[in-house]
Amino acid sequence: MNKANIYNCSVVEFLKIHSRSGNITPIENLDNIPFDIKRVYYLYDVPGGAERGGHAHKDLEQCIIAISGSFDIIIDDGENKKVVNLNRPNYGLHVILGIWRELLNFSSGAICLVLASKKYDEDDYIREYDGFKTYKLKE
Ligand code: TYD
């Protein structure tokens, strides 16, 4: 199997239904999300300067959305890295399995919505970067 790499992670644009009284962005399972959504969670009240993430998943896909405010995501496949800035609620970053991610530079009041392909399972996490590098060599 090919190694999962950052070039297979893409920014997805969702529909924005605009009106003078506000916007709506609908997300429908398996329609405009490339996996079956099994879990939704959100990060909020992130203190200034805090960093989140710092792990990879062996078998979990996610779509990460800045539902309010902005933040950066560093994605890293062990060979290549890039920084993606999310700052609009109708765009999300699809992060495939086997990718190290770090979330940082949260703006004040930012809310990060995560759509995930599996329920929470601590055994699916790789939390040590050295362990991640070793995992990628065997992938
Ligand atoms: P973690 O995924 O490490 O957070 P982040 O990537 O945002 O830094 O999770 C932090 C803690 O919350 C950890 O103890 C596991 C727990 N947790 C759950 O119990 N369920 C969940 O769905 C998530 C995402 C985390």
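Values reported hereafter were calculated over all heavy atoms of this structure, with side chains retained and with hydrogens, waters and symmetry mates removed.
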**Q** Centre-to-centre under 6.0 Å for Phe35 and His94, is that the case here?
**A**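 Here the rings of His94 and Phe35 have centres that are less than 6.0 Å from each other.
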
**Q** With heavy-atom distances below 4.5 Å as the criterion, would you say the side chains of Tyr120 and Tyr125 are in contact?
**A**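 Contact flag for Tyr120/Tyr125 side chains = yes.
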
**Q** Looking at Lys38 and Glu61, is any side-chain nitrogen of the basic one under 4.0 Å from a carboxylate oxygen of the acidic one?
**A**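 So Glu61 does not pair with Lys38 through a salt bridge.
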
**Q** Just checking, is any N or O donor in the side chain of Tyr129 or Glu102 under 3.5 Å from an acceptor N or O on the other one?
**A**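 No - no donor-acceptor pair under 3.5 Å links their side chains.
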
**Q** Roughly how far apart are Phe132 CZ and His57 NE2, rounded to 0.5 Å?
**A**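 The distance works out to 11.5 Å.
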
**Q** Supply the atom-to-atom distance Asp59 CG to Asp121 CG, rounded to the nearest 0.5 angstrom.
**A**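 Interatomic distance, Asp59 CG to Asp121 CG, rounded to 0.5 Å: 9.0 Å.
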
**Q** Between the main-chain N or O of Asp123 and the side-chain N or O of Lys58, is there a donor-acceptor pair closer than 3.5 Å?
**A**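 Present.
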
**Q** How long is the span from the SG atom in Cys112 to the CD1 atom in Ile64, to the nearest 0.5 Å?
**A**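 One finds 5.5 Å between SG of Cys112 and CD1 of Ile64.
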
**Q** Taking Phe14's backbone N and O only, do any of them form a donor-acceptor pair with Thr25's side chain (distance below 3.5 Å, no angle check)?
**A**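 It does not hold such a pair.
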
**Q** Measuring from atom CG of Asn85 to atom OG of Ser107, what distance do you get when rounded to the nearest 0.5 angstrom?
**A**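 If I round to the nearest 0.5 Å, the distance is 9.5 Å.
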
**Q** Heavy atoms, side chains only, cut-off 4.5 Å: are Asn32 and Val12 in contact?
**A**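 No - every pair of side-chain heavy atoms lies 4.5 Å or more apart.
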
**Q** Is there a donor-acceptor contact under 3.5 Å from the side chain of Lys136 to the main chain of Ala4?
**A**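 Side chain of Lys136 to backbone of Ala4: a pair is present.
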
**Q** Under 4.5 Å between side-chain heavy atoms, hopping through other hydrophobics if needed: is there a path connecting Val84 to Tyr7?
**A**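 Yes; tracing contacts between hydrophobic side chains, which count when under 4.5 Å, links both residues.
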
**Q** Do the side chain of Arg101 and the main chain of Ile99 share a donor and acceptor less than 3.5 angstrom apart?
**A**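 Yes, because the side chain of Arg101 sits within donor-acceptor range (under 3.5 Å) of the backbone of Ile99.
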
**Q** When rounded to the nearest 0.5 angstrom, what is the spacing between OG1 in Thr134 and CD1 in Ile126?
**A**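 These two atoms lie 9.5 Å from each other.
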
**Q** Around Tyr42, counting heavy atoms of other residues, nucleotides and ligands shown, do more than 12 lie under 6.0 Å from its OH?
**A**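 No, the 6.0 Å shell around OH holds no more than 12 heavy atoms from other groups.
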
**Q** Which heavy atom in Ala66 sits nearest to a heavy atom in Asn87, and how many Å separate them?
**A**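 For Ala66 versus Asn87, the nearest heavy atoms are CB-N, 4.1 Å.
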
**Q** Among the clusters formed by ILVMFWY side chains lying less than 4.5 Å apart, do Tyr44 and Phe106 turn up in the same one?
**A**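 Per the 4.5 Å side-chain linkage, Tyr44 and Phe106 are not co-clustered.
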
**Q** Using the side-chain contact (heavy atoms from CB on, under 4.5 Å) rule, pick out the option among Leu60, Leu97, Ile37, Asp124 that qualifies with Lys118.
**A**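 Testing each of Leu60, Leu97, Ile37, Asp124 against Lys118, the sole residue satisfying side-chain contact (heavy atoms from CB on, under 4.5 Å) is Leu60.
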
**Q** Counting distance only, does the side-chain N/O of Asp77 pair as donor-acceptor with the main-chain N or O of Ile6 below 3.5 Å?
**A**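 Such a contact is found between Asp77 side chain and Ile6 backbone.
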
**Q** Between atom CG of Leu43 and atom CG of Leu103, what is the distance when rounded to the nearest 0.5 Å?
**A**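 So the CG of Leu43 and the CG of Leu103 are separated by 7.0 Å.
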
**Q** Could you tell me if Asn29 and Asp36 have a donor-acceptor pair between their side chains, going purely by distance under 3.5 Å?
**A**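 Yes, side-chain donor-acceptor contact under 3.5 Å.
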
**Q** With salt bridge (Lys or Arg N to Asp or Glu O under 4.0 Å) as the criterion, how do Glu122 and Arg127 come out once you've worked through the C-alpha distance, each side chain's angles and the decisive distance to 0.1 Å?
**A** CA-CA 10 Å; Glu122 186 58 37; Arg127 290 195 181 273; 2.7 Å; yes

**Q** Pairing donors with acceptors under 3.5 angstrom, does anything connect the side chains of Asn105 and Asp72?
**A**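 Present: a donor and an acceptor within the cut-off.
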
